[in-house]
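What you see is a predicted model; the values in this text were computed from it and never measured.
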Amino acid sequence: MATSPRTPAARPSRRSTAPPADPAVPPVGPGDQSETQRRVRDGTGLLGAAAMRRLDEDLEWYRALPAEDRSWVNLVAQAGITAFVTWYADPTRPPHGVGEIFAAAPPELTRSISLQHTLQLVRVVVDVVETHSDRLAAPGAERELREAVLRYSREVAFSAAEVYARAAEVRGAWDARLEALVVDALVRGDVDDALRSRVSALGWSGRGSTLVVVGTAGAHMDEVRAADLRRATRRAADDALVGILGDRLVVFLGGEGDLRAAAMNLLPRFGPGPVVVGPTAAGLAEATRSARAALSGLLAAPGWEQAPRPVHADDLLPERVLLGDADARRALVERAYEPLAASQGSLLGTLSAYLGAGRSLEAAARTLYVHPNTVRYRLRRVSDVTGWDPLDARESYVLQTALAVGRLDAART
């Protein structure tokens, strides 16, 4: 846009406060747009040097950066000034290509400086150009130059936000893939130093205990819902890992808080059907066994129609045994059959008689030639030894299964 030339005396008084003339800047010429464009182009070096000085003087975080990162920031600032000069040569066209300002720097720079820092960088560069606008603009074109700077700085700010959003999206996709690999390795039991390093990279602190929760993923578990689920798990517990293995959803919760309460809060995030909680684990190696138990319980849960939601994997030991789960079979023998066989007071025989008599105290007493109160007392002792109450319908079924697998194992030895 052309403007009428004015003598220095007719110009606003604020020119008297402007910085002294710099020999690198061409003398004031005709006050038209082409003259301002030429002066801005010739002053690129001046603006770049001034911007570097201001960055070092005003931004503490910039001074604290490693030398390599500072050089990348300098490159971004220089690229911003160059891009503005190029665009200003034809300001009638909308600003474009501002994303190229950040293309010169490596993507890792977004990890070194935040979006807030980047916007501070933009403000410094804009302020530098504004400060020198009176010196660079042709007489009468100062306002037009400042407005052009502000217009372009807005586009640069939007571009910076886009760069950080894209970097966050890439990091999120990479983290999701890494998390899926980690969960798959934990489920398969492949725990080694490499896995521990990957878990640490995902932010897993390893403090406290670990709880594994397994259920269905639901038909509508797309990337958006999966990302929302990951955010919910990280709010629910100190540590969290989420894996979607086919139609199964596997969640590892860790920390020193109430992990069972956290699992209950996440219950609506699972799809229809049973949700199984594995045994509490102390470390990664134990967490793999907990995950196997929970997944086995998910397969066995349909065998217990009245199972609660969620249900503990150890409450499904009989159904897991029917599916051929060797861990469940071993757990029943070690926690029920062997302690009863080693106990005093005929507890194993009394339990066997009680179960064989259709869970009748009187019938068991007649079989054993004792008083029914004696049978009742011994059954209470069975509950103390094993943790399962023979007088409860469900728990007596667990004990009956334990007796069966224990006798089968004893017969084979």
Side-chain angles (χ1 to χ4, degrees), residues 172-191 195-196 198-302 307-316 320 325 327:
W174 168 251
D175 288 348
R177 289 193 292 270
L178 179 60
E179 190 172 17
L181 291 173
V182 166
V183 170
D184 182 65
L186 288 172
V187 168
R188 290 185 286 105
D190 296 339
V191 179
L195 179 66
R196 291 185 175 89
R198 294 184 183 124
V199 170
S200 178
L202 289 170
W204 184 277
S205 68
R207 293 189 297 269
S209 55
T210 304
L211 198 65
V212 183
V213 189
V214 176
T216 59
H220 304 291
M221 183 59 71
D222 54 16
E223 292 184 3
V224 175
R225 290 182 173 87
D228 183 57
L229 172 63
R230 288 185 172 89
R231 287 191 293 269
T233 56
R234 282 158 179 76
R235 289 193 299 268
D238 297 336
D239 295 329
L241 293 172
V242 177
I244 302 174
L245 309 178
D247 62 344
R248 298 172 298 174
L249 177 60
V250 183
V251 177
F252 287 76
L253 300 174
E256 300 173 341
D258 188 347
L259 298 182
R260 293 191 180 278
M264 291 298 296
N265 292 335
L266 294 173
L267 201 58
R269 304 278 180 172
F270 288 85
V275 175
V276 182
V277 180
T280 302
L284 284 179
E286 292 79 4
T288 63
R289 290 191 288 270
S290 178
R292 287 200 306 270
L295 289 168
S296 174
L298 186 64
L299 294 175
R309 189 177 192 264
V311 59
H312 199 281
D314 284 353
D315 293 336
L316 292 163
R320 290 167 56 193
D325 186 337
D327 291 338

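- Across all non-hydrogen atoms, the minimal contact from Pro279 to Ser290 is O-OG, 2.6 Å.
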Intermediate values then yes/no, side chain to side chain contact (heavy atoms under 4.5 Å, CB included), Val311 and Leu316: CA-CA 8 Å; Val311 59; Leu316 292 163; 3.7 Å; yes

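- Leu299 meets the side chain to side chain contact (heavy atoms under 4.5 Å, CB included) test with Leu323; sequence neighbours excluded.
- Residues passing the side chain to side chain donor-acceptor pair (under 3.5 Å) test with Asp239 are Ser205, sequence neighbours excluded.
- The side-chain heavy atoms of Val182 and Phe252, taken from C-beta on, include no pair separated by under 4.5 Å.
- Residues satisfying the side chain to side chain contact (heavy atoms under 4.5 Å, CB included) test with Asp327, not counting sequence neighbours, are Arg292, Arg320, Asp325, Arg330.
- Interatomic distance, CZ of Arg235 versus CZ of Arg230, reported as 14.0 Å (0.5 Å rounding).
- Of all heavy-atom pairs between Gly297 and Val276, the closest is C-CG2, 3.7 Å.
- The two residues Pro310 and Val277 have their closest heavy-atom pair at CB-CG2, 3.9 Å.
- Listed by chain and residue number, Met221, Ile244, Leu249 satisfy the side chain to side chain contact (heavy atoms under 4.5 Å, CB included) test with Ala217 (two or more places apart in sequence, or in another chain).
- Counting all heavy atoms, side chain and backbone alike, Val214 lies closest to Phe270 at C-CE2, 4.0 Å.
- Taking all atoms of both residues into account, the shortest heavy-atom contact from His312 to Gly278 is NE2-O, 3.7 Å.
- Taking all atoms of both residues into account, the shortest heavy-atom contact from Asp238 to Gly255 is OD2-CA, 3.6 Å.
- Every residue two or more places apart in sequence or in another chain that forms a side chain to side chain contact (heavy atoms under 4.5 Å, CB included) with Arg248 is listed here: Leu245, Leu295, Leu298.
- At a threshold of 4.5 Å between non-hydrogen side-chain atoms, the residues Thr216 and Pro272 count as touching.
- Pairs engaging residues 249-270 under the salt bridge (charged side-chain N to carboxylate O under 4.0 Å, His left out) rule: Asp228-Arg269 [sequence neighbours left out].
- You'll find the side chain of Val250 reaches within 4.5 Å of the side chain of Val212, heavy atoms only.
- The side-chain heavy atoms of Leu259 and Thr280, taken from C-beta on, include no pair separated by under 4.5 Å.
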